[in-house]
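Right, one structure below, let's go through it.
Heavy-atom basis, side chains included; hydrogens, waters and symmetry copies ignored.
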Amino acid sequence: MSIFRGYNLERHGDEYTLILYVNTNSTEISSELGEIIKKNSEDLREYVKKIIDDKFPNIKISSAKIMLGTMLLATVPLGINAFNTKASAQTTAQQIPEFYTVKAGDTLWKIATTFGISVETIKNLNNLTGDTIYVGQTLRLRSAQKDSITLTDTYTVKAGDTLWKVAQSFNISVSQLKALNNLTSDTIYPGQVLKVKETVIYGTYYTVKSGDTLWKIAQSFGVSVDEIKRINKLTTDIINIGQRLFIPEKTSEEIKPKVTTPTPVYEWPAVTYIVQPGDTVYSVAKKFNTTVDNILRYNYMSPDDWLDAGDKIAISGYAPRVYTVTPGESTSPSTRGKIVDWFLEGQYILKRGDIFTIVDVQTGRQFKVKMMGGYNHSDVEPLTSQDTEIMRSLFGTWEWNPRPVVVFKDGMNIAASLSGMPHGAQTITNNGVTGHFDLYLKNSLPHSQDTSSSYVEMHYRNINIAAGM
């Protein structure tokens, strides 16, 4: 016969007190219990704990009261351990699952006692206002460590693209675009894949169980089916048992990349080379037992750039370069520009094949040109016959005397000087003029040593005028 005839549980917040009623029908048993109480309170505590281990292994019982009828015989504190020894071992072994799917016959109390947590905890975790649950419902049983994934949007560079153009298309700055892609220069090339946006999504992982559907999971977590599909890159509504899905919270955060200013380089590296006729990037790389990528990177070149005979290039490190202007810093063309050194910066901004706008400082009139080439200065051609007519009207007649102008390219306004005499080769044959024109930036030089110094000095004065000096 049992010492106790019954029990009751009194709830106090997250904990319970166990009420044990002594079996008064057995004098022998009552005497045995009385001896235990008198002899040693620790023995009584162990006695009660064994009962709890056997009958209530998963309930958070903090104390026990032993009653003889309405008389309190003893109060047994069970210490600060919410679970008894057996329950703790079981909980540690099984680790409370993050989610539980409600089964037939389940109640919140039953689930709570099974996993050693309180009903209130389950209700709070699942935003429940009542005790009603339904079969198949997914309940969270513990707070999840916040997981996150990063979604990346990319763009594949096309012919004619520039960093500024790509940045404008995706409403970000050139500096952010460069930071996202760890770019140290403004050079990009067709086929290159660029990150244009990164978004960190917070949430948790969920493992699909039997009977789950995307709709059911979405309902349980309060998100949309489309959002689950987008984040997990699902093309259909089909999911499989055991499949791991990332379930987002309702908020996400776009990653703002740390923007760093490129470090200027003022000195040439130890090894340099003067380009010879017929040289290619590949042949130079082979000559110095280095890679094509190194030559391109050290000289801020893209794969479709080629070398100009007589040009100096860096072999063992970066060529000198400064960063006076930044793509995207201006929203429109201006009649004032910044002073940009041709050799330290300009030659890396204005490249062969580039199309940009020329603004006449005195009149504000604009026309477009295409850069044909040039390594001591920029050689340009009016893009169309209409551009040629605007240019001709500014000079009145074709003449060598230059005019102060501003180059507007990729959101940068650069002080420059443009001559009015077409000469030499051309690549555009239907623009109404034969030849190309000289465009100077700070410290640009003529291609020939026979060029008049007064002509060069006129360019330099014009550049200062275009800069508002």
Side-chain angles (χ1 to χ4, degrees), residues 160-165 167-168 174 185-187 300 302 305 321-384 386-388 390-395 401-422 427-428 431 433 436-447 455-456 458-469:
D161 278 341
T162 63
L163 280 180
W164 182 77
K165 184 177 178 181
Q168 288 286 98
V174 172
S185 75
D186 296 336
T187 300
Y300 316 101
S302 59
D305 287 340
R321 180 173 183 182
V322 297
Y323 299 87
T324 305
V325 289
T326 302
E329 66 184 15
S330 299
T331 57
S332 60
S334 172
T335 54
R336 289 291 180 267
K338 288 185 178 180
I339 296 286
V340 170
D341 188 285
W342 169 253
F343 290 102
L344 291 178
E345 186 174 14
Q347 65 172 324
Y348 306 122
I349 297 173
L350 306 181
K351 293 192 171 188
R352 182 184 290 110
D354 284 350
I355 296 172
F356 43 87
T357 298
I358 298 290
V359 183
D360 182 66
V361 169
Q362 296 176 12
T363 66
R365 299 190 68 186
Q366 303 175 16
F367 56 95
K368 290 190 179 298
V369 298
K370 180 178 182 180
M371 180 166 165
M372 185 184 75
Y375 57 91
N376 277 350
H377 60 256
S378 175
D379 295 325
V380 300
E381 304 170 84
L383 189 62
T384 67
Q386 289 84 358
D387 294 310
T388 298
I390 294 173
M391 186 176 176
R392 193 195 308 270
S393 69
L394 293 173
F395 285 95
N401 288 344
R403 292 177 67 88
V405 297
V406 171
V407 171
F408 181 71
K409 180 179 184 289
D410 294 345
M412 296 175 283
N413 282 299
I414 300 170
S417 176
L418 179 67
S419 75
M421 178 60 72
T427 61
I428 303 176
N431 62 352
V433 66
H436 65 270
F437 298 82
D438 293 344
L439 178 70
Y440 274 48
L441 271 57
K442 178 184 177 181
N443 290 331
S444 289
L445 297 172
H447 294 312
Y455 170 73
V456 177
M458 280 192 289
H459 277 300
Y460 290 169
R461 285 196 297 271
N462 282 339
I463 293 168
N464 288 336
I465 292 171
M469 299 173 64

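Between the CD1 atom in I465 and the CZ atom in R336 there is a gap of 9.0 Å [rounded to 0.5 Å]. Atom CG of N376 and atom CD of Q347 lie 9.5 Å apart (nearest 0.5 Å). Rounded to the nearest 0.5 Å, atoms OH (Y348) and OG1 (T187) are 10.0 Å apart. Put simply, CD on Q366 and OG1 on T335 are 10.0 Å apart, with the number rounded to the nearest 0.5 Å. Taking CZ of F367 as the reference point, atom CD of Q386 lies at 13.5 Å (rounded to 0.5 Å). Taking CD1 of I349 as the start and CZ of F356 as the end, the distance is 11.0 Å to the nearest 0.5 Å.
Between the E345 side chain and the V325 main chain, a donor and an acceptor come within less than 3.5 Å of each other. With S417 contributing its side chain and I463 its backbone, the two residues share no donor-acceptor pair below 3.5 Å. Between the T324 side chain and the V340 main chain, no donor and acceptor come within less than 3.5 Å of each other. Side chain of S378 to backbone of L439: no donor-acceptor contact under 3.5 angstrom is found. The backbone N or O of L445 lies less than 3.5 Å from a partner atom in the side chain of H377, making a donor-acceptor pair. Put simply, the side chain of W164 never gets that close to the backbone of T326: no donor and acceptor are under 3.5 Å apart. Not one N or O on the side chain of Y375 forms a donor-acceptor pair closer than 3.5 Å with the backbone of H447. Without hydrogens or angle criteria, E381 side chain to T427 main chain gives a donor-acceptor distance under 3.5 Å. Under a 3.5 Å cut-off, the side chain of D387 and the backbone N or O of T384 do form a donor-acceptor pair. With hydrogens and angles disregarded, no donor-acceptor distance shorter than 3.5 Å links the side chain of D438 to the backbone of S419.
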In sequence, state the C-alpha distance, the side-chain angles, and the governing distance for V369 and M391, and then conclude on side chain to side chain contact (heavy atoms under 4.5 Å, CB included).
-> CA-CA 10 Å; V369 298; M391 186 176 176; 5.5 Å; no
Could you walk me through whether L350 and L441 pass the side chain to side chain contact (heavy atoms under 4.5 Å, CB included) check?
-> CA-CA 10 Å; L350 306 181; L441 271 57; 4.2 Å; yes
Apply side chain to side chain contact (heavy atoms under 4.5 Å, CB included) to V380 and L418, showing your working.
-> CA-CA 9 Å; V380 300; L418 179 67; 3.9 Å; yes
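For the salt bridge (Lys or Arg N to Asp or Glu O under 4.0 Å) with D186, the qualifying choice from K409, K351, R321 is R321, the only one to do so.
Here the closest non-hydrogen pair linking P382 and N431 is O-ND2, 2.8 Å. Across all their heavy atoms, A415 and I339 have their closest contact at CB-CD1, 4.3 Å. Minimum heavy-atom separation, M372 to R352: O-CG, 3.4 Å.
For S330, the side-chain contact (heavy atoms from CB on, under 4.5 Å) partners at least two apart in sequence or on another chain are F408, N413. Listed by chain and residue number, R365 satisfy the side-chain contact (heavy atoms from CB on, under 4.5 Å) test with S393 (two or more places apart in sequence, or in another chain).
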